[in-house]
Structure formats: structure tokens, C-alpha cells
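These notes concern the structure reproduced below.
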Amino acid sequence: MVTPMIVCHGGAGHSAKDQPGVDAAADAGWGILSTGGSALDAVLAAVEIMENDPVLNAGTGGRKRADGSVQLDAAVATSDGKLGSIMAIEDTPNPVHVAAGLLNEPYHILVGQGARDWADQQGYPKAKVEGSDSPSGNDTVGSVAIDENGLMAVATSTGGCTGRPRGRVGDTPLWGPGFWIDEEVALAATGIGEDITIKMLCHRVAIQTGTLQQRLEYGISLFDPSIEVGLIGITAKGEALGLANTGLPLAIRSVNQ
Ligand code: GLY
């Protein structure tokens, strides 16, 4: 049996005052993993809690676009090769669940009004998301986990960076830059989406050799220190870690933590 673990983050650039929601998320995920539940259920429960926390930039606390709208991105993927990704969806407090709804569909990425129309057809809750005017804490929430069967999962969610144009998409819902998962490693990024996307961050970290610490350090080293960036990861051989060049609310749960 594999030792279950979960890592959650509340976004690069956030300070310790935003830690409680991240701890609550990790505790909820660990409650699922420690009683035999799946990594997928654990990351979904964790990210839902962070989407419901108004101080974090995802779901309810999603930062506003230049036109005042709140458009949200989220993604979910598993180490057995499933993907769901939602981009620039509106009126959806928990986009991570809509993304999860795509895991077993013949299509895996939906954007904008099409994403919301599909969510309506499937019965996902629709409600105005007030969002946040905060100019700080521009970033994402994310979680990676491994369960006792060795299945890994990753989930990410964001309102994007404050003041970006309507329709803009950052790294968070993109497999490659914003997250990566295979049979060996699960990764999620946080930071300025344009920079992370150009660097194809998570994929470049995934193909590195070395310890998880060395791989995450390599990923952070790709960026000028003035650019906020962070990474969380879990490996199938039992490593779990988060690292950033700025403040990063982080919570790790396993049998030893
Ligand atoms: N990393 C979140 C974004 O840039 O949208």
C-alpha cells in the first residue's frame, strides 16, 4: 500500500494571513485520503474549500478583470490519463467541479460561454461571483495528492491576475505550464501566468532528474526574482513539497505531518 499525501497552496504572493483556508483545505483532503478515499476526491474537496475562501484568488475570491467581470479558470487531471479544463467561465462559484465533470467526457477543455452552457446542461450550480478588487494576491490555488492505491491527482483554480482583459487565460488551466501529471510526478504552478506559460514550467520540471526539491528549485530558478512564482509537487516514490520565490501559504498532510 502506498502512503497517501496531499499538498495544498493558496497562491504565490499571498502571506501567512491567508494560511487558514489552505490548512482547512489540506485537512479536508487528508480526511478523505486517510480513510481510504481517492486522490481525486481529496484534491477536489481541498480546492473547493479554497474556492470558497474570499481571500484566495479562485472561485468566490476571484480577482476582477479590467472590465469588472470575474472569469475563472480551473483544471483537474489524474495520473491514469484523465483531464478536465475550464477557461474564462462566469457565474460559477466552484469551477473545479465543472472541470472534474469533463474527466470522463470525449472532450476535455471548454471555454467561456460554452463552458457555462455545458455546466447548465449538467446541473452545476450557477450564481453570480462577486469577486475581489484586491490588487494583491494575484494568484491561484492548487492541490496535488496521492492515495493508498498510488493514483495521483492535481487540481488548480484561479481568477487570473487582477485587471487583465476579459478572455485572457493564464497558466492555471493549461497542462504543461500550469500543471503536469504522469505516473511519476504531479505538479501545480502558481505565479504570473504569462511568464509561467512562456517557460512551459511544470513540464520542464517534470522532465528533470533529481530529487523533488532539486526539480522544484530548478523550476523557480528559471525566473527573475522579481516575477512571483511557486510550485507544489508529489512523486510516486513518496516526496511532497512546495517552494516559491515569494510568500506562499502551503500545507502538507501525510502520516508524518
Ligand atoms: N497563475 C494564474 C494566472 O496567471 O492566471
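One is the number of the first residue; the rest follow in order along the sequence. For ligands, and for the atoms within them, numbers begin at 1 and follow the listed sequence. If you're wondering where the values come from, they're calculated on a predicted model, not measured in any experiment.
- Where the criterion is an N or O separation shorter than 3.5 Å, residue side chain and backbone included, Asp171 meets it with respect to ligand 1.
- If you take CG on Asp139 and CD1 on Ile196, they are separated by 6.0 Å, rounding to the nearest 0.5 Å.
- Residues Glu90 and Thr92 come closest through the heavy atom pair O-OG1, 2.8 Å.
- Close to ligand 1: Arg168, with a non-hydrogen atom less than 4.0 angstrom away.
- Remark: distances from the non-hydrogen atoms of Thr172 to ligand 1 include one below 4.0 Å.
- Under the 3.5 Å distance criterion, with hydrogens and angles disregarded, no donor-acceptor pair is assigned to the side chains of Asp117 and Gln121.
- Of the N or O atoms in Thr140, one or more lie within a sub-3.5 Å distance of an N or O in ligand 1.
- We find that Asp133 and Lys64 are joined by a salt bridge, their nearest charged nitrogen and carboxylate oxygen being less than 4.0 Å apart.
- Polar contact with ligand 1: present for Gly193 (N/O pair, distance under 3.5 Å).
- With respect to Ile232, the side chain to side chain contact (heavy atoms under 4.5 Å, CB included) criterion is satisfied by exactly one of Ile252, Leu241, Leu250: Leu250.
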Verdict with reasoning, Met1 to Asp147, per side-chain contact (heavy atoms from CB on, under 4.5 Å): CA-CA 9 Å; Met1 195 175 84; Asp147 62 35; over 6 Å; no

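- Under a 4.0 Å criterion applied to the non-hydrogen atoms of Cys161, ligand 1 contributes the atoms 4 (O).
- Residue contacts with ligand 1 for Asp139 involve side-chain atoms from C-beta outward but no N, CA, C or O (heavy atoms, distance under 4.0 Å).
- Between Thr158 and ligand 1, a contact under 3.5 Å exists for no N or O pair.
- Counting heavy atoms only, Gly191 comes closest to atom 1 (N) of ligand 1 of the residues Pro177, Gly170, Gly191.
- Looking only at atom types and distance, the side chain of Glu51 has a donor-acceptor partner in the side chain of Asn94 under 3.5 Å away.
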